[in-house]
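Here the structure is laid out as structure tokens; the discussion comes afterwards.
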Number of protein chains: 2
Amino acid sequence: MPVPLYQAKAEFFRTLGHPVRIRVLELLQDGPRPVRELLEQIDIEASSLSRQLAVLRRTQLVTVTREGDAVVYELGTPDVAELLRAARRILTDLLADQGELLVQLRNGAAVEPGGVHR
Amino acid sequence: MPVPLYQAKAEFFRTLGHPVRIRVLELLQDGPRPVRELLEQIDIEASSLSRQLAVLRRTQLVTVTREGDAVVYELGTPDVAELLRAARRILTDLLADQGELLVQLRNGAAVEPGGVHR
DNA sequence: TATGAATGTGAAGAATTCTTCAAGTCGACG
DNA sequence: CGTCGACTTGAAGAATTCTTCACATTCATA
């Protein structure tokens, strides 16, 4: 009973679906970073960050090593950076002519066939 | 007060974080499809599918048109296909040497610095 | 070895997201 | 106009995911 690929994909994307996790991945695009450093850039409680790092760890999007008394995180594979770029491209397109539409809609506005482009 | 980009990104990925939504997008990679057709390939209740289509619609990942008595969906932009490809690449890598690890871990197993590569 | 700094984890309530069933809408057609 | 088919949406309970606070770990150092 293999895990259906589309389900693995969904899990994967869900892992990326959190603001803090995205920020962490973006910071890590520039190279390995100790938690302490992530912490000073993200303005969040240490325990919250730690939780989110745990999520990224589970799916191997990042890997950890200990250096002295600091814990250092880095991207699990450079492909992650590529994925983020692809996402940015799409998002830029979508946001370009939609403005804040994306978020507004997520908050409940309706879009229907025929009413979409109003 | 603009919507922080990293938040928009998180929303975007979360939208992709559902098995049914992923399947729909993959089916649409081959071109527009009426709901009826999606329905026969996905084995899910019509109302559930409809809900998920609504989510994809809100974020403009798909667009809708009505053709006669059928409702036809299609990708909002071809970039989506590219994104899915990038994701598949990463996933293939991760799953390659990890097997079902991804899913097992999401279900709770622990991974710690030093214990990662067991 | 006792302390302190840097991180991680248990637990519980809050917030979101899913799933389902019943009911509603809209175009096609008799 | 009335009804059928194809979808969508309202509502409510179930399941997940988040956030936080308190406490536990681990390593460095005095």
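Each chain gets a letter, A, B and so on, in the order the sequences are listed, and its residues count up from 1. All values derive from a computational prediction rather than experimental measurement.
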### Message
So, taking the atom named CD in A/Gln52 and the one named CD1 in A/Ile44, what distance separates them when rounded to the nearest 0.5 Å?
### Response
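Atom-to-atom, A/Gln52:CD and A/Ile44:CD1 are 6.5 Å apart.
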
### Task
Identify, between A/Ser47 and A/Asp69, the residue whose nearest nucleotide on DNA chain D lies closer to the 5' end.
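Taking each residue's closest nucleotide, the earlier one in sequence belongs to A/Ser47.
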
### Task
For A/Gly68 and for B/Tyr73, locate the closest nucleotide of DNA chain D by heavy-atom distance; then report the residue assigned to the nucleotide nearer the 5' terminus.
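Result: B/Tyr73.
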
### Message
Among A/Thr65, A/Val62, A/Val72, exactly one meets side-chain contact (heavy atoms from CB on, under 4.5 Å) together with A/Pro32. Which residue is that?
### Response
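When side-chain contact (heavy atoms from CB on, under 4.5 Å) is applied between A/Pro32 and each of A/Thr65, A/Val62, A/Val72, only A/Val72 qualifies.
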
Can you tell me the distance, in whole Å, between the [atom1] atom of [X] and the [atom2] atom of [N]?
| X | N | atom1 | atom2 | answer |
| --- | --- | --- | --- | --- |
| A/Arg58 | D/dC18 | CZ | P | 10 Å |
| A/Leu53 | D/dT19 | CG | P | 13 Å |
| A/Glu45 | C/dA6 | CD | C1' | 14 Å |
| B/Glu67 | D/dG5 | CD | P | 21 Å |
| A/Ile44 | C/dG8 | CD1 | P | 13 Å |
| A/Ile42 | D/dT19 | CD1 | P | 12 Å |
| A/Glu37 | C/dA5 | CD | P | 20 Å |
| B/Arg66 | C/dT25 | CZ | P | 14 Å |

### Task
Provide the closest heavy-atom pair for B/Phe13 versus A/Leu84 in the form atom of the first, atom of the second, distance.
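Looks like CE1-CD2, 4.1 Å.
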
### Task
In plain terms, say whether A/Arg33 and A/Glu74 are close enough for a salt bridge, that is, a side-chain N and a carboxylate O under 4.0 Å apart.
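Answer for the salt bridge query: no.
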
Quick one: which of [options] gets closest to the side chain of [X]?
| X | options | answer |
| --- | --- | --- |
| A/Arg36 | D/dC27, C/dA6, D/dT9 | C/dA6 |
| A/Ala70 | D/dC27, C/dT7, D/dT19 | C/dT7 |
| A/His18 | D/dT8, C/dG8, D/dC18 | D/dC18 |

[N], OP1 or OP2 - any side-chain N/O from [X] closer than 4.0 Å?
| X | N | value |
| --- | --- | --- |
| A/Arg21 | D/dC18 | yes |
| B/Arg57 | D/dT9 | yes |
| A/Gln52 | D/dT19 | yes |

#### Entry: A/Thr92 side chain to A/Arg88 backbone, donor-acceptor under 3.5 Å
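A pair under 3.5 Å: yes.
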
### Message
Let's test your reading of the model: under 3.5 Å, does the base of D/dT17 pair with the side chain of B/Arg14 as donor and acceptor?
### Response
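Checked by distance alone, the answer is no.
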
### Message
For C/dG10, does the base pair up with any side-chain atom of A/Arg51 as donor and acceptor (N or O, under 3.5 Å, distance only)?
### Response
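Under the 3.5 Å cut-off, the side chain and the base do form a donor-acceptor pair.
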
